[in-house]
K.L.:
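Just passing along the structure, written as structure tokens.
All residue numbers in this chain count up from 1 along the given sequence. Hydrogens, waters and symmetry mates are skipped; everything else that's a heavy atom, side chains included, is used. Counting starts at 1 for both ligands and their atoms, in listed order. Note that the structure is predicted; figures quoted are calculated from it, not measured.
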Amino acid sequence: MYVDTISAIATPLGEGGIGIVRLSGPASAQIASALFRRGPRLRPVDVARLDSHRLYYGYLVNPQDERVVDEVLLVRMAAPRSYTREEVVEISCHGGPLVVREVLRLTLAAGARPAAPGEFTLRAFLNGRIDLAQAEAVMAVVSARTPDSLQLAVDELRGRLVGRLGPARAALIDALAYLDAAADFPEDEVPPLDLEATLARAEAALAEVVAGARLGRLYREGLQIAIVGRPNVGKSSLLNALLRADRAIVSDIAGTTRDVIVESINLRGIPATLVDTAGIADTEDVIERLGIARSRQALERAGLAIFVLDGSLPPTADDYQVAELLRDRVLRDGQDRLVVVLNKRDLPARYDHAEIRALLPGAPVVELSTHTGQGIDQLEAALADRLIAHAGEAAAPALVTLRQQQALARALESVRQARAALGDGVPLDLVAVDVRAALLAVGEITGEQVSETILDEIFSRFCIGK
Ligand SMILES: Nc1nc2c(ncn2[C@@H]2O[C@H](COP(=O)(O)OP(=O)(O)OP(=O)(O)O)[C@@H](O)[C@H]2O)c(=O)[nH]1
Ligand SMILES: [Mg+2]
């Protein structure tokens with residue numbers, strides 16, 4: 001197994017209060033003993049004999065010449081009560097990049113090997129402290145972009161996804177046990193089981209996790225929201241209003257925005273990326289046309305579009321052109337991908353743009369003014385609503401990675417196939433093939449069934465020191 005000892009800087013490099021170098025593996029204490037001294041006389045210490053989980057004050061020296069490198073706090077976490085379940089030593093020094101690097105260098109010189117990205121967490125998984133979903137949640141905690149995403153990641157860290165898969169897994173095991181017994185023993189010796197009902201239970205349980213997963217991905221990864229419309233309707237003003245900052249240039253000259261502007265916002269807990277685009281119009285201006293081409297690309301990539309109309313002016317040919325584009329490119333994929341905004345409602349002249357809205361049936365309409373701020377709250381609510389509708393039904397969100405989502409989808413597909421096969425009167429040993437496939441897919445999420453390649457894939461995305 002893992003007999004070598006790894007070392008890495010566990011805190012971000014930069015000037016900070018403290019910087020931590022972490023060691024994990026059987027030689028951790030021995031390596032730390034080579035470098036750690038206590039008291040004014042720099043007494044050597046046998047770190048292996050220090051109390052576990054207790055901080056010790058002392059000095060870190062270069063053992064070549066006993067020169068003091070820094071004043072440090074050292075903690076030893078005896079196996080198995082540590083992050084990795086191995087012997088762990090953490091050395092907290094002052095948080096300057098030079099100091100921290102020097103401490104790392106000395107641990108390496110004393111016999112440690114530099115840790116690969118995610119290797120501490122990989123060891124925690126391999127040593128059975130956490131399941132694979134929890135290991136992946138560690139990364140989600142580190143990279144969470146809104147407090148809600150963080151909360152989901154922390155729930156996951158406590159094993160929520162695997163817990164939720166419990167009922168599906170239990171039903172699949174029941175079904176498979178029955179199928180295997182039915183293949184091996186005469187009918188009257190096999191305890192009866194309503195196979196169809198058991199598979200239906202597995203399917204329902206999996207479907208619920210899949211729905212929650214879709215919502216969870218939204219909280220984790222967010223979605224792109226493109227702001228589109230003809231020039232001068234107030235798209236950039238709307239971006240600024242949603243960001244509550246003067247990010248984009250606003251002017252009364254049509255064609256002010258010529259490139260896409262991308263900014264992140266926290267939309268009722270969902271991390272979203274707002275994309276302000278160049279106004280779409282018939283124009284001869286070369287740069288403006290390039291900008292318009294980018295607007296169309298942004299629209300292709302966006303999960304959601306805000307169509308801005310100037311509510312103080314009658315509709316123009318360009319408004320119609322954008323509406324048709326949205327009808328063909330966005331509404332085609334579902335009504336929940338579009339919100340229409342009637343802007344400039346602070347002005348006395350009012351147009352309802354009914355014919356244009358009729359081109360976009362089902363899209364909610366929000367009236368607002370980016371100047372007074374009236375209606376911005378309603379727009380935020382409408383957007384959050386759309387985002388959640390886009391993700392699926394109101395399941396409790398679960399945090400999943402793409403890998404987990406794919407495994408879930410395969411599990412669900414296999415259960416559906418098993419049920420269909422059963423309905424069609426296919427021989428039971430063939431039904432068993434699908435049930436077994438579903439169970440394997442579920443096992444990939446918990447980590448009971450994973451290949452070396454998948455593990456490499458997962459842990460290489462971590463930062464070093466995690
Ligand atoms: N009265 C009023 N004027 C607004 C409102 N929102 C924007 N405007 C004005 O409309 C003009 C155009 O605003 P922008 O935000 O630059 O419009 P845009 O859609 O980004 O325009 P392009 O980048 O050229 O496509 C500016 O003079 C804004 O001050 C509003 O709610 N009320
Ligand atoms: Mg603009």
K.L.:
Could you go through Ser414 and Asp434, starting from their C-alpha distance and side-chain angles, then the distance that decides it, and tell me whether this counts as side-chain hydrogen bond (donor to acceptor under 3.5 Å, both in side chains)?
P.N.:
CA-CA 5 Å; Ser414 296; Asp434 288 325; 5.4 Å; no

K.L.:
Does Ile249 CD1 have over 12 foreign heavy atoms under 6.0 Å away?
P.N.:
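At most 12 heavy atoms, drawn from other residues, nucleotides or ligands, come within 6.0 Å of this atom.
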
K.L.:
What residue and heavy atom of the protein are closest to atom 32 (N) of ligand 1, and at what distance?
P.N.:
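Minimum-distance protein heavy atom for atom 32 (N) of ligand 1 reads Asp346 OD1, 2.8 Å.
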
K.L.:
Can you tell which of Thr257, Asp310, Val228 gets a heavy atom nearest to atom 23 (O) of ligand 1?
P.N.:
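Among Thr257, Asp310, Val228, the closest heavy atom to atom 23 (O) of ligand 1 comes from Thr257.
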
K.L.:
With backbone taken as N, CA, C and O and side chain as the heavy atoms from C-beta onward, which portion of Leu347 lies under 4.0 Å from ligand 1: side chain, backbone, both, or neither?
P.N.:
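It is the side chain that touches ligand 1; the backbone stays farther off.
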
K.L.:
Could you list the atoms of ligand 1 found under 4.0 angstrom from a heavy atom of Gly255?
P.N.:
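Reading through ligand 1 atom by atom, the close ones are 24 (O).
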
K.L.:
What residue and atom, counting heavy atoms only, is the protein's closest point to atom 6 (N) of ligand 1, and at what distance?
P.N.:
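The closest one turns out to be Thr370 OG1, 2.7 Å.
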
K.L.:
Look at atom 10 (O) of ligand 1 and say which protein heavy atom is nearest, naming residue and atom and giving the distance to 0.1 Å.
P.N.:
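Sorting protein heavy atoms by distance from atom 10 (O) of ligand 1 puts Lys344 NZ, 3.0 Å first.
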
K.L.:
Side chain, backbone, both or neither: which applies to Asn232 and ligand 1 if a contact is any heavy-atom pair less than 4.0 Å apart?
P.N.:
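Both the backbone and the side chain of Asn232 come within reach of ligand 1.
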
K.L.:
Tell me if the CZ atom of Arg268 is crowded by more than 12 foreign heavy atoms within 6.0 Å.
P.N.:
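Yes - once you tally the heavy atoms of other residues, nucleotides and ligands closer than 6.0 Å, there are more than 12.
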
K.L.:
Could you please spell out the steps behind the side-chain hydrogen bond (donor to acceptor under 3.5 Å, both in side chains) verdict for Thr256 and Ser251?
P.N.:
CA-CA 6 Å; Thr256 304; Ser251 87; 2.7 Å; yes

K.L.:
What protein heavy atom is closest to atom 17 (O) of ligand 1, reported as residue, atom name and distance in Å?
P.N.:
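The closest one turns out to be Gly234 N, 3.1 Å.
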
K.L.:
Where the closest heavy atom to atom 29 (O) of ligand 1 is concerned, which of Arg258, His371, Glu288, Arg345 has it?
P.N.:
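Nearest heavy atom to atom 29 (O) of ligand 1 lies in His371.
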
K.L.:
Only heavy atoms of Ser236, strictly under 4.0 Å: list the atoms of ligand 1 that pass.
P.N.:
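The atoms of ligand 1 under 4.0 Å from a heavy atom of Ser236 are 15 (O), 18 (P), 20 (O).
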
K.L.:
Mind checking whether the Mg ion (ligand 2) has an N, O or S of Ser236 under 2.8 Å?
P.N.:
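Yes, Ser236 qualifies, because one of its backbone or side-chain N, O or S atoms lies under 2.8 Å.
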
K.L.:
Considering only protein heavy atoms, which is closest to atom 28 (C) of ligand 1, and at what distance to one decimal place?
P.N.:
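Checking every protein heavy atom, the shortest distance to atom 28 (C) of ligand 1 gives Val250 CG1, 3.6 Å.
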
K.L.:
Provide the number and element of each atom of ligand 1 under 4.0 Å from a heavy atom of Ile253.
P.N.:
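Near Ile253, the atoms of ligand 1 are 24 (O).
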
K.L.:
Assess whether atom CZ of Arg169 is packed by more than 12 heavy atoms of other residues, nucleotides or ligands within 6.0 Å.
P.N.:
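Counting neighbours around CZ of Arg169, 12 or fewer heavy atoms of other residues, nucleotides or ligands fall under 6.0 Å, so no.
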
K.L.:
Does Gln224 form a side-chain hydrogen bond (donor to acceptor under 3.5 Å, both in side chains) with Thr273? I'd like the steps, not just the answer.
P.N.:
CA-CA 5 Å; Gln224 283 217 347; Thr273 310; 5.2 Å; no

K.L.:
Within a reach of under 6.0 Å around CZ of Arg294, are more than 12 heavy atoms found that belong to other residues, nucleotides or ligands?
P.N.:
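It does not: Arg294 CZ has 12 such atoms or fewer within range.
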
K.L.:
Counting backbone and side-chain atoms alike, does Thr256 have an N/O/S atom under 2.8 Å from the Mg ion (ligand 2)?
P.N.:
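No N, O or S atom of Thr256 is closer than 2.8 Å to the Mg ion (ligand 2), so no.
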
K.L.:
Examine the proximity of ligand 1 to Ala248 and report which part, side chain or backbone, both or neither, has a heavy atom under 4.0 Å away.
P.N.:
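Within the 4.0 Å criterion, Ala248 makes no contact with ligand 1.
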
K.L.:
With a 4.0 Å cut-off on N to O distance, would you call Asp285 and Arg258 a salt bridge?
P.N.:
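So Asp285 pairs with Arg258 through a salt bridge.
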
K.L.:
Testing the basics here: between Leu326 and Leu360, what is the closest heavy-atom pair and its distance to 0.1 Å?
P.N.:
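Distance-wise, the nearest heavy atoms are CB-CD2, 4.2 Å.
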
K.L.:
Do Asp310 and Ser312 have side-chain N/O donor and acceptor atoms under 3.5 Å apart?
P.N.:
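Judged by distance alone, the side chains do pair up.
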
K.L.:
Taking 4.0 angstrom as the limit and counting only heavy atoms of Gly279, give me the atoms of ligand 1 inside it, by number and element.
P.N.:
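Those of ligand 1 that fall under 4.0 Å from Gly279 are 25 (O).
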
K.L.:
Just going by heavy-atom distances, which of Ser237, Ser312, Ser369, Pro231 is nearest to atom 13 (O) of ligand 1?
P.N.:
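Shortest heavy-atom distance from atom 13 (O) of ligand 1: Ser237.
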
K.L.:
Does a salt bridge link Glu102 with Arg105, judged by any charged N lying under 4.0 Å from a carboxylate O?
P.N.:
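So Glu102 pairs with Arg105 through a salt bridge.
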
K.L.:
If the contact criterion is a heavy-atom separation under 4.0 Å, does Gly229 count as touching ligand 1?
P.N.:
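No.
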
K.L.:
List the closest protein heavy-atom neighbour of atom 18 (P) of ligand 1: residue, atom name, distance to the nearest 0.1 Å.
P.N.:
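Scanning the protein heavy atoms, the shortest distance from atom 18 (P) of ligand 1 goes to Lys235 N, 3.4 Å.
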
K.L.:
Run the numbers for me: atoms of ligand 1, each under 4.0 Å from some heavy atom of Ser251, listed by number.
P.N.:
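Close to Ser251: 11 (C), 12 (C), 13 (O), 16 (O), 26 (C), 27 (O).
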
K.L.:
Can you tell whether the side chains of Glu87 and Arg76 come within less than 4.0 Å, N to carboxylate O?
P.N.:
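Yes.
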
